[in-house]
Amino acid sequence: MAKKQGGFLPISKEDMLERGWYYCDFLLVTGDAYVDHPSFGTAVISRVLEDAGYRVAILSQPDFHSEADFVAMGRPRYAVLINSGNIDSMVAHYTAAKKRRHDDAYSPGGVGGKRPDRAVTVYAKLAHKAFPDVPIYLGGLEASLRRFAHYDYWADRILPSILQDTGADGLMFGMGEKSVLELAANLKAGKHGTEVVRQIRGVAYLTKEKEDISYPAVWCPSWEETLEDKLKYAESVKIQYDQQDHVTGKAVVQKHGHRLLVQNPPSIPLTTEEMDHVYGLPYQRTYHPSYEAVGGVPAIAEVQFSIIHNRGCFGGCNFCSLAFHQGRYISARSHESVVAEARQIAQHPDFKGYIHDVGGPTANFRFPACAKQEKHGLCQNKRCLFPKACQNLRADHSDYLTLLRKLREIPGIKKVFVRSGLRYDYMMADDNDEFFLELVKYHISGQLKVAPEHMSDHALYYMGKPSFSVYQKFKERYERINAKLGKKQYLVPYLMSSHPGAELGDAVQLAEYLNSIGYMPQQVQDFYPTPGTLSTAMYYSEVDPRTMKPVYVAKTPEEKEMQRALLQWRRPDKRGIVIKALLQAGREDLIGYTRDCLIHPKPNEHFAHLHDKPKGKKQGRPERNPRQNRTAAKPGRPAGKTGQKPHQKRKAGWAKPKKR
């Protein structure tokens, strides 16, 4: 029988035998369906190992009630590698209100329930049962963000490092390509225990011996201290964040009982040449054909014809885990590599001519924020874009613009969209309109989505976002450029409610602004306290780790619902909670009949402030709405001429009478 070569990596013992394998070197276990696309971490790590000459088999979404699926794959020669998939399994399963989700875009047919809660922990315990003598190493977002003692929103308490719960031999944080190759080389060389991991950057592990710490180290409060004292938890998070730099970062040590959790310094980011090589590996760019019968894997829809051109984000929003995972340093692929991928996409039989996105964590970053970062690392107590753009920031879109122009010229490509996060504050730091003009002209269709998150500067401070005035200037510039091009395209703001520091008054202020521009968002993201962010540390400790000063936190379901409802004040189902929120905030003035009011009373509703009239005025009848007062004099129109017959009935709602 001819040996099978190329194509998807084996997902069963039968697949392995078709390749002439009687074993694999690494068994990669994942909570996602198997999608061989560079947007999926499982695909990248497996292809990197394959490229280095190792045999890798994929165990995707195994039965989590027994170890049978693990045993069926056979014992791997070197190790079991485990991730929960592209996103945290708890986020995949629960909303910010802790309500169970019923679907899962990363599962075959979009059906939920294919992976367990806390998937990494469950899979690790099953792997131990199946292969007691085989090392286990964790990776991916779920493990990476739980490498230290962390606040768990779903359990509402501090949990130890995921290494303690899983009994794993080590954990790779960050992107992992360099770490996993060093790990594989050490295992192949016959190393065991901490000898495998202790000198590898981008790895965390548990040890009993201080002698196993190979890098200069700082110590943060122990797991036990963070359990007892919320301030110690906030302090530990700040120390951990300060060391997430590949130039200046030290190892971080945290005691867990009689053992030491050691996080080595972060991996050195991939060079442009290394990134080009990783993204040029032979991905199939789609889901495994075994899922075809159930409709495939929904998550492929947005990424199959998209291109990642960079990594990292120096925006540093407090609610985002990127700084703790990918880091703030920017790495980027060459134009040649991106163009080659686009040409490959253009040849796909299902391609209709539209590149869905050319982006990454932040689409418009192509190089480190400043020259200093390349030699001296990231500033510990300063941000590149917060509270305003640093004077050393290199705000230049010319390279990204050149790349987009090259992609537009490829035969078979009709349009290239930019849909992933654009940092509008970075765009405003660039005075040159050239990129902005071409973005509006060629790379959006009808609307541009950006993320101001709020409009209260008080709330934005705790989010780590720039002043709302920056967004307002961006909006004006966007509208001016659209007008110049003869286009009418919209700006859609992403908004967040209930972030730590955001008070009820801030939510009212945001609702007033939205009302003034005539926009009500269809969806609002309530703050989600996921592991590994500064904002989550604020949520739990009620102090800001940056300053250790107290922070207001909306924690009760009612408080959070009030803030969320205010941003969707027009919805009938939100009316009662909006009224309650306005009364609690002391903003009865927003209940009434004027255009600025959020709530317009119904005939059977009684609000005391609307009936407290000065003496001499007729009681019992609401004051006339200025929008309906057509007798007031206007420029160019004599008073008293209304354009409406004396006994003509007005239309209901906001409709105006037809002009005669």
Side-chain angles (χ1 to χ4, degrees), residues 241-242 244-249 266 269-272 275 309-333 335 358-404 418 420-440 443 448 450-454 457 460-478 481 494 534 546:
Y241 258 78
D242 286 346
Q244 302 308 313
D245 176 40
H246 68 281
V247 178
T248 63
L270 297 183
T271 63
T272 294
M275 277 192 75
H309 73 88
N310 67 5
R311 285 182 179 177
C313 178
F314 54 73
C317 300
N318 292 335
F319 52 81
C320 179
S321 62
L322 271 168
F324 206 54
H325 185 61
Q326 286 194 16
R328 290 163 53 201
Y329 187 86
I330 305 299
S331 303
R333 296 166 62 187
H335 289 196
V358 181
T362 296
N364 52 327
F365 291 170
R366 283 286 298 167
F367 39 74
C370 66
K372 172 186 173 295
Q373 287 185 357
E374 299 181 43
K375 293 182 179 180
H376 305 291
L378 303 160
C379 299
Q380 277 194 3
N381 295 309
K382 293 181 181 179
R383 303 285 182 90
C384 304
L385 292 167
F386 174 81
K388 61 181 180 181
C390 175
Q391 61 182 3
N392 296 320
L393 180 71
R394 294 184 293 187
D396 182 358
H397 288 84
S398 58
D399 185 65
Y400 186 40
L401 179 57
T402 301
L403 175 60
L404 293 174
V418 177
S420 54
L422 278 164
R423 285 297 296 225
Y424 65 86
D425 44 353
Y426 183 68
M427 289 177 66
M428 291 305 293
D430 184 355
D431 293 330
N432 191 328
D433 268 354
E434 194 173 17
F435 170 71
F436 213 145
L437 277 162
E438 294 200 19
L439 174 73
V440 171
H443 301 292
L448 176 64
V450 292
E453 305 295 356
H454 217 287
D457 283 353
L460 290 169
Y461 168 78
Y462 292 102
M463 293 180 175
K465 298 285 285 187
S467 169
F468 185 64
S469 62
V470 179
Y471 174 76
Q472 289 177 303
K473 291 173 183 176
F474 174 82
K475 184 173 181 289
E476 292 168 3
R477 193 173 173 187
Y478 177 75
I481 288 173
Y494 286 123
L534 287 171
R546 300 170 299 177

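Each residue takes its place number in the sequence, starting with 1.
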Is the closest side-chain heavy-atom distance between [X] and [Y] below 4.5 Å?
{"X": "H443", "Y": "F435", "result": "no"}
{"X": "D399", "Y": "H335", "result": "yes"}
{"X": "Y471", "Y": "V450", "result": "yes"}
{"X": "D396", "Y": "F367", "result": "yes"}
{"X": "Y400", "Y": "L404", "result": "yes"}
{"X": "R477", "Y": "D433", "result": "yes"}
{"X": "R423", "Y": "N364", "result": "yes"}
{"X": "Q380", "Y": "Y241", "result": "no"}

What heavy-atom pair brings [X] and [Y] nearest, and what distance separates the two atoms?
{"X": "M275", "Y": "S331", "value": "SD-CB, 3.6 Å"}
{"X": "C384", "Y": "A369", "value": "SG-CB, 3.5 Å"}
{"X": "K372", "Y": "G377", "value": "NZ-O, 3.3 Å"}
{"X": "Y426", "Y": "R394", "value": "OH-O, 2.8 Å"}
{"X": "Q326", "Y": "P361", "value": "OE1-CG, 3.2 Å"}
{"X": "P452", "Y": "Y494", "value": "CD-O, 3.7 Å"}

*Mark yes or no for whether D457, through its side chain, and F468, through its backbone, hold a donor-acceptor pair below 3.5 Å.*
yes
*Please answer whether the main-chain N or O of V470 pairs with a side-chain N or O of K388 as donor and acceptor at a distance below 3.5 Å.*
no
*Start with the C-alpha gap between H397 and M427, add the side-chain angles, then the distance that decides, and say whether side-chain contact (heavy atoms from CB on, under 4.5 Å) holds.*
CA-CA 8 Å; H397 288 84; M427 289 177 66; 3.6 Å; yes
Spacing of [atom1] belonging to [X] relative to [atom2] belonging to [Y], to within rounding of 0.5 Å:
{"X": "D242", "Y": "T248", "atom1": "CG", "atom2": "OG1", "value": "9.0 Å"}
{"X": "L439", "Y": "Y478", "atom1": "CG", "atom2": "OH", "value": "8.0 Å"}
{"X": "R328", "Y": "D245", "atom1": "CZ", "atom2": "CG", "value": "8.0 Å"}

With a cut-off of 3.5 Å and sequence neighbours excluded, list every side-chain donor-acceptor pair involving residues 309-323.
from	atom 1	to	atom 2	distance (Å)
H309	ND1	R366	NH1	3.2
H309	NE2	A363	O	2.7
N310	ND2	T362	O	2.7
N310	ND2	F365	O	2.6
R311	NH1	E177	OE1	3.1
R311	NH1	E177	OE2	3.0
R311	NH2	E177	OE2	2.5
R311	NH2	Y279	OH	3.4
N318	OD1	R383	NH1	3.3
N318	OD1	R383	NH2	2.8
N318	ND2	Y462	O	2.9

_Classify the ring geometry of F474 against Y424: parallel below 30°, tilted from 30° to 60°, perpendicular beyond 60°._
tilted
